[in-house]
2 protein chains.
Amino acid sequence: MAASRKVTIADIARHVGMTNITVSRALNKPELVRPATRERIEQAALELGYVPNAFARGLKRSDSRLIGVVTASLDNPFYAEMIKAISRHAKQHDYAIMLFDTDSDPRLESTAIDTLLSYQAAGLILSPVSDEPDYQPDYLVRLKASDIAVVQLDRTLHDSGFSAVVLDNLWAGERVAHYLLEEALIAQRRTERDRLLVVAGPERSRITCERLEGVREALSAQAGEVTIDVLWGDYTLAPAVTQVRDYLGRHGVPRAIFGLNQLITLGALKALREAGIGRDQTCVVGIDRLPYLEIFDITVPCVVHDGYRAGAQALEQLLVQMRDPQAEVCTLTVRGELVT
Amino acid sequence: MAASRKVTIADIARHVGMTNITVSRALNKPELVRPATRERIEQAALELGYVPNAFARGLKRSDSRLIGVVTASLDNPFYAEMIKAISRHAKQHDYAIMLFDTDSDPRLESTAIDTLLSYQAAGLILSPVSDEPDYQPDYLVRLKASDIAVVQLDRTLHDSGFSAVVLDNLWAGERVAHYLLEEALIAQRRTERDRLLVVAGPERSRITCERLEGVREALSAQAGEVTIDVLWGDYTLAPAVTQVRDYLGRHGVPRAIFGLNQLITLGALKALREAGIGRDQTCVVGIDRLPYLEIFDITVPCVVHDGYRAGAQALEQLLVQMRDPQAEVCTLTVRGELVT
DNA sequence: CTGTTAGCGCTTTCAT
DNA sequence: ATGAAAGCGCTAACAG
């Protein structure tokens, strides 16, 4: 309420008849101060409503207790899960999170990185707006020149040289494709070639390429019997809906539809529903769990990844690199699991 | 890669043969510097990879471009939506977000606030772990003593004296109850008293009380015909499931079940499903949208609130108060909409 | 155990 | 249009 010029350690020092440094010590390294004085100081700090100034401290000892998280979207529940894990674990190690939702805008990503650098963030968990090879953001040099630890999560830059925690995308694609072969009867009625529709992310996205590669490998032996059609999108719901709608209009119902992430799969399901095509007319599979559907007895077979674990691992790796800047760059791969 | 002692404005100054202050000005108030010099300075800054030090700046001018967001959970999609809005709008005004997920732990909430104060955050959007009257956190004094602008979001502290953006909970409860009366045939078969099961949050939670109050008002004329049973929980899924399961075992299937938030409603549905009770045997209604269900043709009538709008309003209000510390404390109410 | 000194990087006077 | 000096709040490094 009161105007209250900010209370500093000097105020406390005056209050208890000591000098700044003693107060500083009492508050930060209590063991270096006589218990009696310490208590008086702590008491005074409380009374005066002292709040340490992170800027002053950060300026002096150029290290911060800040970890930056830069992600393309909070909408995606999979990302929300990873962020939850990061946040929880960061807290345990006494780091605060500075979160940037870049909204898929490369410029916002760039300013986010700069802000983090200016705040001397100790570490950065980065999931860039794009994992296409020609996305080579200009902030990379600055990031490299700084001594901030960096771990990429899920999406990775090409040749960035930073550590990463990624999903086993090849495996996921393969696994789903095998499931289709074995369980969902693809390529088992020989009257005509089966069509598998894969609804993907951007054409050059690494994640999309890897997942597709997995599909192709799994189906390579069936090359004569299965045609793979691919629709390119951007991992969000809306384009998936319109694209699938369009495809259905043009080519009819394929034998199976594979959505390369959660939102895409939902989009495909939506398009099917709009077109009045029942779940029994085609087989829909995906990557990432569709939340809560089990409650309604709806099953969409999919490879699910443990986002919480991925986030936690990213943070662990980051801590390792923060402790030891020489630590080897490494890529951890999180493998999913088929849930039918 | 290089060792790279940090580049400061002094380095730039040396590089271009000017003094610190000129460099500072060139970078912050370009109009005060001759265009030629300015360009040379900007050029040098780029070359040397200069990154401004937010701590030094913050220390000097005690204002920051930081807005803190403290919330009990990122799990809740409704909160994720609000945070998305906050983040997007903050960015537009050139503020960075410092996000704290308190995991419903009051101590974490308290340290989050202290961290924000120490970082001189310009504003704080707070959704505390509890909105029960006896939750009077100790950080309140510090918050009041500081000059940080505060806006509460959704959950509010009792008598805190801070502005807030809240939902029209009374209306939501009323609206759903009226729907039950009019459409869902509650109190229309007179053979026996109808039972309405409300699955709520904590017993003393303001939001729960308000929503319940709405229900009671709406049904007051039917006091003789409708019994309202209430189960207390904590707005999360798991307890809702077990409580409803238990209730069903004890009292059988009620005429209708009203989940006071999204996760609770899902929990109730899950319990019903586990008990093998079909959607036709009771009427389930809720507050907050159950995402994506329309894709599967599942409808759960509910009052939905626009989380994005609520978040955006909270940030707007915060900006108002940051600009004018004298601005009047105010409470904005966001009304939902019944979706059937 | 406590104090002195000095300086982190930047910006605000007030001069020139 | 540019510069000199001073200081924001805090903490290393060295004394005592």
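Every chain is numbered from 1 and lettered A, B, ... according to where its sequence line falls, protein lines coming before strand lines.
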Q: Could you work out which one of dC10(D), dT2(D), dG9(D) sits closest to the side chain of Leu59(A)?
A: dG9(D)
Q: So, is Arg34(B) near the phosphate of dA1(D), with a side-chain N or O under 4.0 Å from OP1 or OP2?
A: no
Q: Answer yes or no: is there a donor N or O on one side and an acceptor on the other, between the side chain of Asn20(A) and the main chain of Ala13(A), under 3.5 Å?
A: no
Q: Within the structure, does a side-chain N or O atom of Thr8(A) lie under 4.0 Å from either OP1 or OP2 of dC8(D)?
A: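 Answer no for this pair, as no side-chain N or O of Thr8(A) is under 4.0 Å from OP1 or OP2.
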Q: Starting at CD of Glu31(B) and ending at P of dT2(D), how long is that distance when rounded to a whole Å?
A: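 My rounded result for the distance is 13 Å.
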Q: Start at the 5' end of DNA chain D and walk down; is the nucleotide closest to Arg61(A) or to Ala56(A) reached first?
A: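 With Arg61(A) and Ala56(A) compared, the 5'-side residue is Ala56(A).
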Q: Ile9(B) has an atom CD1; how far is it from atom P of dC8(C), in whole Å?
A: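 Spelled out: CD1 on Ile9(B) to P on dC8(C) is 12 Å.
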Q: Fit a plane to each ring of Phe55(A) and Phe55(B), take the angle between them on a 0 to 90° scale, and name the class: parallel (under 30°), tilted (30 to 60°) or perpendicular (over 60°).
A: tilted
Q: In whole Å, I'd like the distance from the NZ atom of Lys29(A) to the C1' atom of dT11(D).
A: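 Atom-to-atom, Lys29(A) to dT11(D), this comes out as 8 Å.
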Q: Between dT11(C) atom C1' and Leu27(B) atom CG, what is the distance in whole Å?
A: 12 Å
Q: Can you measure Asn53(B) atom CG to dC8(D) atom P for me and round it to whole angstrom units?
A: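 Roughly 18 Å, once rounded to whole Å.
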Q: Could you list the donor-acceptor pairs under 3.5 angstrom formed by side chains in residues 313-322 of chain A, with sequence neighbours left out?
A:
residue   : atom : partner   : partner atom : Å
Gln317(A) : NE2  : Gln321(A) : OE1          : 2.8
Gln321(A) : OE1  : Ser163(A) : OG           : 2.4
Gln321(A) : NE2  : Val150(A) : O            : 3.3

Q: When you measure from the side chain of Asp101(A) to the backbone N and O of Lys84(B), does any donor-acceptor pair fall under 3.5 Å?
A: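 Checked: no pair found.
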Q: With a 4.0 Å cutoff (strictly under), does any side-chain N or O of Asn20(B) reach OP1 or OP2 of dG9(C)?
A: no
Q: Extract from the structure each pairing of a protein N or O with an N or O of nucleotides 5-7 of chain C at less than 3.5 Å, listing the distance.
A:
residue : atom : partner  : partner atom : Å
dG7(C)  : N2   : Lys60(A) : NZ           : 3.0
dG7(C)  : N3   : Lys60(A) : NZ           : 3.2

Q: So does His93(A) get a backbone contact from the side chain of Arg65(A), meaning a donor-acceptor N/O pair under 3.5 Å?
A: yes
Q: Using whole Å, report how far CZ of Arg25(B) lies from C1' of dA1(D).
A: 8 Å
Q: How long is the line joining CG of Leu32(B) and P of dT16(C), in whole Å?
A: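 After rounding, the reported distance stands at 20 Å.
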Q: To the nearest Å, give me how far apart CD1 (Ile41(A)) and P (dC10(D)) are.
A: 13 Å
Q: If you assign each of Thr19(B) and Val51(A) to its closest nucleotide in DNA chain D, which residue comes earlier from the 5' end?
A: Thr19(B)
Q: Examine dG9(C): is either OP1 or OP2 under 4.0 Å from a nitrogen or oxygen in the side chain of Tyr119(A)? Give yes or no.
A: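 For dG9(C), OP1/OP2 do not have a side-chain N/O of Tyr119(A) under 4.0 Å.
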Q: Please confirm whether the backbone N or O of Thr71(B) pairs with a side-chain atom of Thr102(B), one donor and one acceptor, at under 3.5 Å?
A: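 The answer is yes, because a donor-acceptor pair under 3.5 Å joins these two groups.
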Q: Considering heavy-atom distances to DNA chain C, does Ser24(B) or Val33(A) have its closest nucleotide positioned more toward the 5' end?
A: Val33(A)
Q: Do the side chains of Asp11(B) and Lys6(B) get close enough for a salt bridge, i.e. N-O under 4.0 angstrom?
A: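 Answer for the salt bridge query: no.
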